[in-house]
Participant: 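Can you keep this structure in mind? I'll have questions shortly.
This is a predicted model, so every value here is computed, not measured.
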Amino acid sequence: AFNLRDVRLLDGSPFRHAMEMDAGYLMDIEPARLLYRFYKNAHLPVKDSIYGGWESEGLSGHTMGHYLSALSMMYASTDETPFKERVDYIVDELEKCQAARKTGYIGAIPNEDDLFARVARGDIKSGGFDLNGGWAPWYNVHKVMSGLVDAYLYCDNKKALKLVTGMADWVYNTISPLTQAQLNQMLRCEFGGMNDVLANIYRITGNKKYLDL
């Protein structure tokens, strides 16, 4: 509805104070730690230890998506280049992961290759919380894709758009063989905002493939 760059929080505002606290926290986070399992799953050398909590468990990777979005929006809100520099660095590292995997996919979910290969074969099991033993993997994929879209929209990182369209192509290749019944079974597990990010990619690219997807 409006450009985030058109909004500025003024000195003396409690909202400005909150934004500055948030900005400080974002710069305290170590990208290499969030990239840990992206590297590992792509069979690339890791550069630091993994964070604890959900990052060391089944939702590994989703925080990177949130982080990319936050950095990108903070750059749009402040015009401070360290946020954009960090976005550009992360996108460059994710490009290496995508290139190493050769499928278009970028991710950090434990056992993701087997999990999604089974989905593509129509071997789908969900108890409503998991998909083939993975903790809401489509939610996780959505967060990474949304982070890349935000890197493109707010930081004009064209490489991020290339990476996320590669991921969207991978999604298409993974689920296009499925019947409607199989898709419905898959969607018993939380899938986040996959429709949202695919619609945004369609809006950006004009490629109806992503709208259909």
Side-chain angles (χ1 to χ4, degrees), residues 1-41 46-97 106-110 135-161 163-164 167 190-194 196-197 199-201 203-204:
F2 55 86
N3 194 324
L4 189 57
R5 293 183 180 279
D6 295 337
V7 179
R8 287 293 180 267
L9 300 175
L10 304 181
D11 289 338
S13 160
F15 303 107
R16 171 79 184 195
H17 174 74
M19 186 184 76
E20 290 171 348
M21 295 300 100
D22 192 20
Y25 173 67
L26 290 178
M27 297 307 289
D28 281 344
I29 292 173
E30 296 292 340
R33 299 190 69 184
L34 291 180
L35 285 162
Y36 176 92
R37 197 170 271 135
F38 288 94
Y39 292 137
K40 188 173 182 181
N41 288 8
V46 300
K47 299 183 180 182
D48 204 336
S49 60
I50 194 170
Y51 276 117
W54 284 353
E55 280 304 300
S56 63
E57 299 174 5
L59 277 181
S60 177
H62 84 288
T63 307
M64 176 59 82
H66 290 296
Y67 187 54
L68 261 181
S69 293
L71 288 170
S72 301
M73 293 178 188
M74 191 64 75
Y75 172 65
S77 298
T78 65
D79 285 324
E80 294 180 7
T81 55
F83 298 110
K84 185 180 187 305
E85 289 169 354
R86 191 162 287 201
V87 167
D88 293 343
Y89 168 76
I90 291 169
V91 171
D92 286 347
E93 294 303 295
L94 293 179
E95 180 186 38
K96 296 174 187 175
C97 296
I106 307 169
I109 304 167
W135 183 0
W138 284 121
Y139 164 87
N140 210 328
V141 171
H142 164 242
K143 296 308 173 193
V144 175
M145 292 180 71
S146 289
L148 289 167
V149 167
D150 287 338
Y152 168 74
L153 291 176
Y154 297 112
C155 296
D156 195 32
N157 187 307
K158 294 177 175 57
K159 187 181 293 184
L161 180 61
L163 297 187
V164 80
M167 289 189 73
E190 181 184 2
F191 47 90
M194 285 299 299
D196 172 76
V197 74
N200 280 335
I201 294 169
R203 179 173 60 87
I204 293 166

Participant: Looking only at heavy atoms, what is the nearest atom pair of Ile106 and Met167, with distance?
Facilitator: O-CE, 3.3 Å

Participant: For Asp6, enumerate each residue passing the salt bridge (Lys or Arg N to Asp or Glu O under 4.0 Å) test, keeping only those at least two apart in sequence or located in another chain.
Facilitator: none

Participant: Please confirm whether the backbone N or O of Tyr75 pairs with a side-chain atom of Glu80, one donor and one acceptor, at under 3.5 Å?
Facilitator: no

Participant: Do you know which two heavy atoms are closest between Val91 and Ala160, and how far apart they sit?
Facilitator: CG1-N, 3.8 Å

Participant: Start with the C-alpha gap between Thr78 and Met19, add the side-chain angles, then the distance that decides, and say whether side chain to side chain contact (heavy atoms under 4.5 Å, CB included) holds.
Facilitator: CA-CA 10 Å; Thr78 65; Met19 186 184 76; 3.9 Å; yes

Participant: Within this structure, what is the CE-OG distance for the pair Met64 and Ser69, rounded to the nearest 0.5 Å?
Facilitator: 11.5 Å

Participant: Taking everything shown except Lys159 itself, do over 12 heavy atoms lie less than 6.0 Å from its NZ?
Facilitator: yes

Participant: Decide side chain to side chain contact (heavy atoms under 4.5 Å, CB included) for Ser77 and Val7; before the verdict, give the C-alpha distance in whole Å, the side-chain angles of both, and the deciding distance to 0.1 Å.
Facilitator: CA-CA 7 Å; Ser77 298; Val7 179; over 6 Å; no

Participant: Can you see which heavy atom on Asp79 is nearest to which on Arg8, and at what distance?
Facilitator: OD2-NH2, 3.0 Å

Participant: Any side-chain heavy-atom pair from Leu153 and Asn200 closer than 4.5 angstrom?
Facilitator: no

Participant: Tell me if a side-chain donor or acceptor on Arg5 pairs with a main-chain N or O of Tyr154 at a distance below 3.5 Å.
Facilitator: yes

Participant: Ignoring hydrogens, what is the shortest heavy-atom contact between His62 and Lys143? Give both atom names and the distance.
Facilitator: O-CB, 3.8 Å

Participant: For Leu35 and Asp48: C-alpha separation, side-chain torsions, deciding distance, then whether side chain to side chain contact (heavy atoms under 4.5 Å, CB included) applies.
Facilitator: CA-CA 9 Å; Leu35 285 162; Asp48 204 336; over 6 Å; no

Participant: Identify the two heavy atoms, one from Ser72 and one from Val87, that lie closest to each other, and give their separation to 0.1 Å.
Facilitator: OG-CG2, 3.7 Å

Participant: Would you say Tyr39 and Glu93 are linked by a side-chain donor-acceptor pair, where the criterion is simply a distance under 3.5 Å?
Facilitator: yes

Participant: Can you tell me how far apart CE (Met145) and CG (Leu68) are? Round to the nearest 0.5 Å.
Facilitator: 13.0 Å

Participant: Closest heavy-atom contact between Ser56 and Ile50?
Facilitator: CA-CD1, 4.0 Å

Participant: Do the ring planes of Trp135 and Trp54 sit parallel (below 30°), tilted (30 to 60°) or perpendicular (above 60°)?
Facilitator: perpendicular

Participant: How long is the straight-line distance from CG of Asp156 back to NZ of Lys158, given to the nearest 0.5 Å?
Facilitator: 3.5 Å

Participant: Could I get the full list of ring pair (Phe, Tyr, Trp, His ring centres under 6.0 Å) partners for Tyr67, not counting sequence neighbours?
Facilitator: none

Participant: Roughly how far, to the nearest 0.5 Å, is the CG atom of Asp92 from the CG atom of Asn157?
Facilitator: 7.0 Å

Participant: Apply side chain to side chain contact (heavy atoms under 4.5 Å, CB included) to the pair Ile29 and Thr63, showing each step before the final yes or no.
Facilitator: CA-CA 11 Å; Ile29 292 173; Thr63 307; over 6 Å; no

Participant: State whether the side chain of Arg16 and the backbone N or O of Leu9 hold a donor-acceptor pair below 3.5 Å, judged by distance alone.
Facilitator: yes

Participant: Can you tell me how far apart CG (Asp88) and CD (Glu85) are? Round to the nearest 0.5 Å.
Facilitator: 8.0 Å

Participant: Taking Asn41 for its side chain and Ile109 for its backbone only, find out whether a donor-acceptor pair lies under 3.5 Å.
Facilitator: yes

Participant: How many angstroms lie between atom CD1 of Ile204 and atom OH of Tyr152, to the nearest 0.5 angstrom?
Facilitator: 6.0 Å

Participant: For Ser60 and Ala108, indicate whether the former's side chain and the latter's backbone hold a donor-acceptor pair under 3.5 Å.
Facilitator: yes

Participant: Does Glu30 have any salt bridge (Lys or Arg N to Asp or Glu O under 4.0 Å) partners at least two apart in sequence or in another chain, and if so, which?
Facilitator: none

Participant: Using modelled atom types only, decide if a donor and an acceptor are shared between the side chain of Arg37 and the backbone of Leu34 within a distance under 3.5 Å.
Facilitator: no

